[in-house]
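Each ligand, and each atom within it, is numbered from 1 in the order the structure gives.
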Amino acid sequence: MSIIVQKFGGTSVANAEKIARAARRAIKAKLDGHQVVMVVSAMGHTTDELVALARQVNPNPPRREMDMLLTTGEQVSIALMAMAIEAAGHQAISFTGGQVGLITDSAHTKARIRTIDADRIHKELKAGKIVIVAGFQGITSDGAITTLGRGGSDTTAVALAAAIKADACEIYTDVDGVYTTDPRLVPQASKIDQITYDEMLELASLGAGVMHSRSIEFGKKYNVPIHVRSSLTDIEGTMIVAETAGMEEIVVRGVTLKKEIARIVLVGVPNKPGVAAQIFARIAEHNIVVDDIIQNVFDKGQEANIGFTTSLVDFREAQMVCEALAKEMKLRAVETDQNIAKVSIVGIGMKTHTGVASKMFNALAKAKVNIQNISTSEIVVSCLIDAKDAEKALQVLHAAFELDKRGGK
Ligand code: ASP
Ligand code: MG
C-alpha cells in the first residue's frame, strides 16, 4: 500500500470550512487505497499574530519561550483536523512533533531535524487511521519544544515523507503551483509542470517564496517527489523531482527578482593579501548576512574597492561596522546605496548551452537597464540593478527567454 504525505499550509486550514475541505481530501486519498499522513500549519495568520502578541509583552522574547508560544498554533490545527475527519466518519489521530519523535537540535526558533521515529506513525497507519502531525515543530533530546523557522511545515512534511518512505509528498497551498516568475509582477507568468530540486532550491533562495528551502534540500537528499498544488482544485500542480523530461532543452526555467537589497562599498582598500579576510571576519562577527561580493582593482593594482550587498534589514548595522572599519584601516570612504535589486535567471540547461548570459545582458541593454554587478553559478546568472528598474527587468527577461510561451515546460 502506498503512503502519501499531504501538507496543508495556513491559508488551506484558515477556517472550519477549509479544515473540512482538507479533511475530505485526505479521506479521498484514503478511500483511493493510500495510507495518509497529514502535516498541517497553524490556521491563517495565527503565527504572525502570536509573534505580534509576544512582542507586546516583551520586545525581545526569549527564543525558548517563543517556540513554546508559536507551536500552540499548529496544535490547534491538528486537533481540529482530527475532529473534522472523525465527523466525516473516518478514524484519525493527531500528534505534536514531540509525540512522533521528531528530534531536533536545540537552536530555538531555527532548529534542525536530527531524527524522526517512523514506527509510531507506521503503527497508526496500519491500524487504519489518518495520521495528522503538527508542522514546524520538534523536540530536543532533553524534551524542550523547538520550531524549524518560519515556513517550516514544508520541511516537516518532506522530512516525514523521507522518514516513513512515503511514495509522494503533496504540498497544498493557495497557488496552483510554481510559476516561471511572480505572476503579480509579470501577468504572462505560467505554471511550471516539472522542475528539478536544484532549480527549485535556487528559486527559493532567490526570493520565490513558494517553499521553505530546507524542505527542498530534504527532498533532494532523500529523493522525495514533491507535488506543489492548490488546495482549491484538482488540477495538477508542479512536480519537483531529480530529473525532468527534456531537461537539456529548457535553458531557463524561471526568472526571479529580489528587492530590498543595499550595497556597501569600502573605497580605497590596500590591494594586498589578508585585507578581504579582515573585512569579512568583522562583518561575520556581527552576524550580517552577505549576499554578493564585489571587488574592483584600480590605480595600477595598488588599491581596490571592496563591496558587498546585504538585505535592508541588516543595512544599518552593516554600515556602522564598515564605518568603524574604514576609520581603523584609514580608508578613503564608505559608499552606500539602499536602492538595489537583483534579477536572476535559473535553469539547469545552462550547463550545456552557451550564450545564455549574453542573451540576458542584451535583453537588459535593450530595455536600458544598467547592470551594476554580475554573479554566476552553474545554473544561475544574476545581475544587480537599480531598484527602479526591477519590474521592467523581470518582464523583459521573462519575454526574452520565451517563458510566457513555453509555460516552462
Ligand atoms: N505556522 C508557521 C509559520 O507561519 C509554519 C508554517 O506555516 O510553515 O511560519
Ligand atoms: Mg509556507
query = Going by the order shown, which atoms of ligand 1 are within less than 4.0 Å of some heavy atom of Arg150?
reply = 3 (C), 4 (O), 9 (O)
key: No-hydrogen, no-angle side-chain donor-acceptor test under 3.5 Å, Ser77 and Glu74   = no
note = Ser153 heavy atoms within 4.0 Å reach ligand 1 at atoms 5 (C), 6 (C), 7 (O), 8 (O)
remark   = Here the atoms of ligand 1 under 4.0 Å from any heavy atom belonging to Phe136 are 2 (C), 5 (C)
inquiry  = Can a side-chain donor-acceptor contact be found between Glu170 and Gln6 if the only test is distance below 3.5 angstrom?
reply    = yes
ask   = CD of Glu285: more than 12 outside heavy atoms within 6.0 angstrom?
value = yes
note = The answer for which part of Glu74 has a heavy atom under 4.0 Å from ligand 1 is side chain
ask   = Does Gly152 come within less than 4.0 Å of ligand 1, judged by its heavy atoms?
value = yes
key: Per-atom contacts of ligand 1 with Ser41, taking only distances under 4.0 Å to non-hydrogen atoms   = 6 (C), 7 (O), 8 (O)
Atom indices of ligand 1, in the order listed, that fall short of 4.0 Å to a heavy atom of Thr47 = 1 (N), 2 (C), 3 (C), 4 (O)
task = May I have the step-by-step check of salt bridge (charged side-chain N to carboxylate O under 4.0 Å, His left out) for Asp48 and Arg150, ending in yes or no?
result = CA-CA 10 Å; Asp48 291 330; Arg150 294 302 307 273; 3.0 Å; yes
request  = Measure across His398 and Thr181 and return the closest heavy-atom pair with its distance rounded to 0.1 Å.
outcome  = CD2-CG2, 3.4 Å
Any N/O pair Lys7/ligand 1 closer than 3.5 Å = no
message = Under 3.5 Å, is there a donor on one side chain and an acceptor on the other for Asp142 and Thr140?
response = yes
note = dist Gln372:CD -> Asp389:CG (nearest 0.5 Å) comes out at 9.0 Å
query = Any N or O of Gly151 that comes nearer than 3.5 Å to an N or O of ligand 1?
reply = yes
request  = Could you tell me whether ligand 1 has any atom less than 4.0 Å away from a heavy atom of Gly9?
outcome  = no
